[in-house]
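These notes concern the structure reproduced below.
Every chain is numbered from 1, with letters handed out A, B, ... down the list of sequences.
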There are 2 protein chains.
Amino acid sequence: MAAEDDGIALGPLDTFVGYHMRRSSALMAADFNAAMAGTGIRQVLFGVLSIIAANPGINQGRIGAALGIQRANMVTLINELMDAGFILRTVSPEDRRAFVFQLTDLGSAAVADGLARIRRHEDRLLAGLSSAERETLITLLKRIEAAAPA
Amino acid sequence: MAAEDDGIALGPLDTFVGYHMRRSSALMAADFNAAMAGTGIRQVLFGVLSIIAANPGINQGRIGAALGIQRANMVTLINELMDAGFILRTVSPEDRRAFVFQLTDLGSAAVADGLARIRRHEDRLLAGLSSAERETLITLLKRIEAAAPA
DNA sequence: TATTGTTATACTCTATAACTATA
DNA sequence: TATAGTTATAGAGTATAACAATA
């Protein structure tokens with residue numbers, strides 16, 4: 001899964017941000033999954049839980065908007081988290097079309113455990129970067145997110 | 001597809017490299033696909049073409065190793081590129097189990113056209129980063145690739 | 001009419017296991 | 001027996017279009 005470098009030239013590929021983004025993102029995702037093994041939580045699911053934790057009472061559409069997940073794809077994710085007992089779904093008092101969400105106690109515990117695992121996972125994987133470099137990296141990535149077309 | 005920031009708090013998510021990597025990588029991939037529209041070339045396919053261009057006569061397994069693609073998944077990719085007429089497959093003279101590859105003229109043209117498109121796409125998307133920042137970004141990403149477990 | 005959530009569907013990417021033919 | 005490529009298959013992520021209920 002890591003970058004193999006058996007004397008194989010990457011050519012111009014090596015100069016593209018997109019290529020290295022794709023590779024390193026995939027590697028981080030694989031290590032994330034290893035760190036989360038047994039919890040049933042994947043990157044997207046942790047994202048959803050995290051948004052609910054930080055915005056209790058938020059509705060489904062806004063969670064998707066925050067994470068770049070389409071309405072149609074939110075449905076399965078929410079159902080998974082409901083089935084796992086991590087979230088509580090209620091009809092919005094202000095808009096009876098919408099569902100609003102809260103974490104259950106189990107969900108809060110899953111977020112806390114997940115945060116600890118993710119911190120260890122990132123500390124391990126990014127041990128070669130100073131904290132300044134890590135911040136630089138996040139800053140640069142955020143600028144790309146901000147620049148990307150709607 | 002871009003980062004929505006309608007006053008929705010990301011919480012701790014915002015502090016994770018993995019989260020921003022995932023988002024920005026997805027955004028770059030979407031913009032890549034838009035830039036390549038009509039060519040039939042996706043990120044993985046361009047990667048394979050690029051490796052063959054830089055290493056004529058390379059075999060299937062080594063292409064996969066260079067790009068982190070499993071043997072089983074290489075098969076379809078190679079078949080796609082064969083069907084498109086971009087590559088030439090011959091049995092290796094040294095090892096009759098292995099196939100070695102060259103670009104066809106059409107494949108060379110596709111790579112040249114792709115390179116131009118990708119450069120425009122990255123220049124547009126990364127216009128907010130100085131060239132020094134772009135290099136910093138690539139350097140940091142490469143260090144993550146190097147650090148990731150095998 | 002527009003919006004929230006849903007269903008159905010399809011394509012891509014990735015992963016594993018078992019097979020074949022050569023080495 | 002190990003390796004190169006293949007087949008079959010499954011899980012996950014993401015995309016679009018059409019629908020029901022509510023606004």
Side-chain angles (χ1 to χ4, degrees), chain A residues 1-2 6 18-19 21-23 25-34 36-37 40-48 57-82 87 89-101 150, chain B residues 1-2 6 18-19 21-23 25-34 36-37 40-48 57-82 87 89-101 150:
Chain A
M1 190 102 235
D6 313 323
Y19 170 72
M21 201 87 104
R22 185 177 141 84
R23 291 303 302 275
S25 179
L27 292 165
M28 288 206 70
D31 196 71
F32 179 99
N33 289 331
M36 289 299 192
I41 292 181
R42 310 185 303 276
Q43 278 186 316
V44 212
L45 293 179
F46 189 81
V48 173
I58 193 172
N59 73 26
Q60 199 162 315
R62 275 166 57 81
I63 296 171
L67 295 173
I69 302 170
Q70 311 224 7
R71 278 202 312 283
N73 297 325
M74 279 299 298
V75 179
T76 318
L77 299 173
I78 289 295
N79 287 340
E80 278 190 76
L81 294 173
M82 286 293 295
I87 59 174
R89 164 170 48 191
T90 48
V91 173
S92 167
E94 297 148 8
D95 183 343
R96 282 168 32 233
R97 292 170 302 180
F99 287 129
V100 295
F101 298 93
Chain B
M1 189 102 236
D6 313 320
Y19 170 72
M21 202 87 104
R22 186 177 140 84
R23 290 303 302 275
S25 179
L27 292 166
M28 288 205 69
D31 196 72
F32 179 100
N33 290 331
M36 290 299 193
I41 292 181
R42 309 185 303 277
Q43 279 186 315
V44 212
L45 294 180
F46 188 81
V48 173
I58 194 173
N59 71 28
Q60 200 162 313
R62 276 165 57 80
I63 296 170
L67 295 173
I69 302 170
Q70 310 225 5
R71 279 201 312 283
N73 297 326
M74 280 299 298
V75 180
T76 319
L77 299 174
I78 289 294
N79 287 340
E80 278 189 77
L81 294 173
M82 286 292 296
I87 58 175
R89 165 169 51 191
T90 48
V91 173
S92 167
E94 298 149 6
D95 182 343
R96 279 167 34 231
R97 293 170 303 181
F99 287 130
V100 295
F101 299 92

Rounded to whole angstrom units, what separation is found between the [atom1] atom of [X] and the [atom2] atom of [N]?
X	N	atom1	atom2	value
A:Leu77	D:dA15	CG	P	13 Å
B:Asn33	D:dG13	CG	C1'	13 Å
A:Arg22	D:dG13	CZ	C1'	13 Å
A:Arg23	C:dC13	CZ	P	14 Å
B:Arg42	C:dA10	CZ	C1'	14 Å
A:Met82	C:dT6	CE	C1'	15 Å
A:Glu80	D:dA12	CD	C1'	9 Å
B:Gln70	D:dA8	CD	P	18 Å

Show the nearest heavy-atom pair for residues [X] and [Y], with the distance to one decimal.
X	Y	result
B:Ile41	B:Phe32	O-CE2, 4.2 Å
B:Ala29	B:Gln43	CB-OE1, 3.4 Å
B:Ile87	B:Ile78	CD1-O, 3.8 Å

- Item | Derivation and outcome, side-chain contact (heavy atoms from CB on, under 4.5 Å), residues A:Asn79 and A:Arg89 | CA-CA 10 Å; A:Asn79 287 340; A:Arg89 164 170 48 191; 3.7 Å; yes
Next item on the list: Go through the steps for A:Leu81 and A:Leu45 under the test side-chain contact (heavy atoms from CB on, under 4.5 Å), then give the verdict.
Entry: CA-CA 8 Å; A:Leu81 294 173; A:Leu45 293 179; 4.0 Å; yes
Once base and sugar-phosphate atoms are separated, protein heavy atoms under 4.0 Å mark nucleotides 1-7 of chain D, 5' to 3', with B, S and - as -BBSBBB
Next item on the list: Please check if the side chain of B:Arg22 supplies one atom and the backbone of A:Ser25 the other of a donor-acceptor pair under 3.5 Å.
Entry: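 Checking the backbone N and O of A:Ser25 against the side chain of B:Arg22, no donor-acceptor pair under 3.5 Å is found.
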